[in-house]
Amino acid sequence: MIDLKYLQKNFDEASAKLSKKGVDTEILENLKSLFANLKEANSSLEIAKAEQNKMSKLFGEYIREKKDISELKLKVDANKEVIAKLQATANEANSALQSIALAMPNFPDDSVPEGTDEDDNVEIKKILEPRIFDFEPKEHWALAEVNGWIDFERGVKLAKSRFAVLRGDAARLERALISFFLDINREKGFEEVYVPFINNSAMLQGTGQLPKFEDDLFKIEGEDLYLIPTSEVPLTNLYHDEILTAKELPILLTSYTPCFRKEAGSAGRDTRGMIRQHQFDKVEMVAITNPNESEAVFKIMVDNASDILTRLGLPHRAVELCGGDLGFSAATTIDLEVWLPGQNKYREISSISNTRDFQARRAKIRFKDGKKNVLVHTLNGSALAVGRTLVAIMENYQNEDGSIEIPEVLKKYM
RNA sequence: GGACAGUUGGGUGAGUUGGCUGAAACCACAUCCCUGCUAAGGAUGCGUACUGGUAACGGUACCGAGAGUUCGAAUCUCUCACUGUCCGCCA
């Protein structure tokens, strides 16, 4: 959630920031006045309650002293009605504010480039040269068929479209990649964590998936539970509603989980192949930091994800997302895109974001900074998306006959 | 899934004949003092959030969550969640 006090005090600045993300000034005006309404409603309510508390105390004294209470009772009853009305007004003001405030995206950093969509993203650097093929490289689904690695039809039979089955060496490679990623992250100081793949609504609200993106989630029927769309949710919310000590920061976590997404709104996109599935594996990094070190940790996370791709010998590039392409919770994001020779283009394989205090405010994650409780910064990033790495290996390591080499660093895992 | 018991501040844990308890005590923690040797003694402070005030210092809310009874609820009623124990089931 954005800082409403900041919005109130620096409206023009805040509005300029959010316009980068395509948020209309009108909605912000509305939010600002709702906030003012709530404060006003609360303050008159509190005055009436203070009065009521005082009279109630007096009431007790009168009874002990056996004084007549009939007059006081009348006053207290009248005030009670006033309170009920003020309370109703305050409740209304609060829910009106909440529904808009929770749907408001994070402020982008000032350094974030202007732009409306992915075409405006800025390439920062390229790492490793794409291999020159002396034959026409195939796309991964063609290679999958040659090798019997991926059974798309049976995946659909078992569940529905956008589900797939991995077989044989593909299944083993998937498992090898997970171990490889976790091992490297652990070497870099990230604690390995194993978490529930189902989380409740409070957690999903904490990281920003709810209430706005409910349609993207698989919900458990009849329960307040959802399949996680990323392990960012359980890892970040590990510290939901907690106050940490300064010396335990930064907290660096990594976890493997499957991720479940409905991909609402992606109809027709990447329908072929493994790029966009309802269920996919991902190894995630999450960092909980002191605000003054989130910048440095962000760099470490980007470098780590890039290092993993380099060790796998996969050509990739780093791209800074423009305001319009930035996610809901992110203040800044760098995507790593891996080269897919079969598709002849770069495709996202990791996305690393600093959400600053946006998620921390929602999830109430703070630390003791001296005497004060201060919101932490939370960061998240993939290291890496497993299915897409499998695809990248297939396309980059293919031979003319369709067979696929296993990258050197993975051999010990297979 | 069934039965019973419980849910209080960072931890342990008082308080449940409704008001004087936002909350004893102990531990932990912080600062200071003493001491000087690795362990101990003393003083003070110490829940969270919002809100008024330059500040000093006030106000409101929170004793698992929500609703109710009452002038007034941690204390009474209801619903739900969670934890524990026993039974059932099960990898």
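Each chain gets a letter, A, B and so on, in the order its sequence line appears, and its residues count up from 1. Worth saying up front: this structure is predicted, and the values here are computed from it rather than measured.
- At a threshold of 4.0 angstrom between heavy atoms, the contacts of A:Asp77 are confined to the sugar-phosphate backbone, with no base atom among them.
- With C1' as the reference atom, B:rU8 and B:rU21 are 11 Å apart, rounded to whole Å.
- Backbone-only engagement by A:Gln52 is indicated by non-hydrogen atom pairs under 4.0 Å involving sugar-phosphate atoms exclusively.
- Using P as the reference atom, B:rC34 and B:rA23 are 33 Å apart when rounded to the nearest Å.
- The nearest whole Å value for the distance from the NZ atom in A:Lys80 to the C1' atom in B:rU70 is 6 Å.
- Ionic pairing of A:Asp224 and A:Lys219 is not present here: no N-O contact between side-chain nitrogen and carboxylate oxygen is shorter than 4.0 angstrom.
- Regarding contacts with the backbone of B:rA49, a side-chain N or O of A:Arg366 is found under 4.0 angstrom from either OP1 or OP2.
- Residue contacts shown for A:Lys54 are absent, as no nucleic acid heavy atom lies under 4.0 Å away.
- Atom P of B:rG9 sits at a distance of 28 Å from the matching atom of B:rU69, rounded to the whole Å.
- A distance of 12.0 Å separates OG in A:Ser255 from CD in A:Glu232, rounded to the nearest 0.5 Å.
- Atoms CD (A:Glu223) and P (B:rC80) sit 14 Å apart, rounded to a whole Å.
- Considering only side-chain N and O atoms, A:Asn53 lies under 4.0 angstrom from the phosphate OP1 or OP2 of B:rU60.
- Taking atom P in both B:rA65 and B:rC82, one finds a spacing of 15 Å when rounded to whole Å.
- B:rA49 and B:rG10 have their P atoms separated by 10 Å, given to the nearest Å.
- Within a 6.0 Å radius of CD in A:Gln87, other residues, nucleotides and ligands contribute more than 12 heavy atoms.
- Atom NZ of A:Lys49 is separated from atom C1' of B:rU51 by 13 Å (rounded to the nearest Å).
- Backbone-only contact: A:Asn373 has heavy atoms under 4.0 Å from sugar-phosphate atoms and none from a base.
- A sub-4.0 Å separation between OP1 or OP2 of B:rU48 and a side-chain N or O of A:Lys368 is present.
- Between A:Phe180 and the choices A:Ile184, A:Ile178, A:Asp183, the side chain to side chain contact (heavy atoms under 4.5 Å, CB included) rule is met once, by A:Ile184.
- Checking B:rG59, B:rU48, B:rG72 against every side-chain atom of A:Ser56, the shortest atom distance belongs to B:rG72.
- Rounded to whole Å, atom C1' of B:rA73 lies 14 Å from atom NZ of A:Lys57.
- For A:Phe107 and A:Phe358, the distance between ring centers is not under 6.0 angstrom.
- Defined by atom type and a distance below 3.5 Å, a donor-acceptor pair is present between the side-chain atoms of A:Thr378 and A:Gln359.
- A salt bridge is defined here as a Lys NZ or Arg NE, NH1 or NH2 lying under 4.0 Å from an Asp or Glu carboxylate O, and A:Lys20 with A:Glu114 fails to meet this definition.
- With hydrogens and angles disregarded, a donor-acceptor distance shorter than 3.5 Å links the side chain of A:Asn396 to the backbone of A:Ala392.
- Taking atom C1' in both B:rG1 and B:rC71, one finds a spacing of 45 Å when rounded to whole Å.
- Residue contacts for A:Ile243: at a heavy-atom cut-off of 4.0 Å it reaches the sugar-phosphate backbone alone, with no base atom in range.
- Atom name P, nucleotides B:rG36 and B:rA24: the rounded distance is 37 Å, in whole Å.
- Rounding to whole angstrom units, NZ of residue A:Lys247 and P of B:rC29 are separated by 8 Å.
- Comparing A:Phe35 and A:Ala50, the nucleotide of RNA chain B nearest to each residue sits closer to the 5' end for A:Phe35.
- Atoms NZ (A:Lys5) and C1' (B:rG52) sit 13 Å apart, rounded to a whole Å.
- Between A:Ile83 atom CD1 and B:rU70 atom P the separation is 15 Å, expressed in whole Å.
- Taking atom C1' on both B:rC63 and B:rG22, the two are 8 Å apart, rounded to the nearest angstrom.
- Of the two residues near RNA chain B, A:Arg64 and A:Lys39, the one whose nearest nucleotide lies more 5' is A:Arg64.
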How does RNA chain B look in dot-bracket notation if pairs are Watson-Crick or G-U with both distances under 3.5 Å, crossing ones as [ ], other-strand ones as |?
-> ((((((((.[[[..)...(.....]]].(((((.......))))).((((((....)))))).[[[[[..)....]]]]])))))))....
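- When ring centroids are compared, A:Tyr226 and A:Phe218 stay outside the 6.0 Å threshold.
- A straight line from CD of A:Gln87 to P of B:rU60 spans 14 Å, rounded to a whole angstrom.
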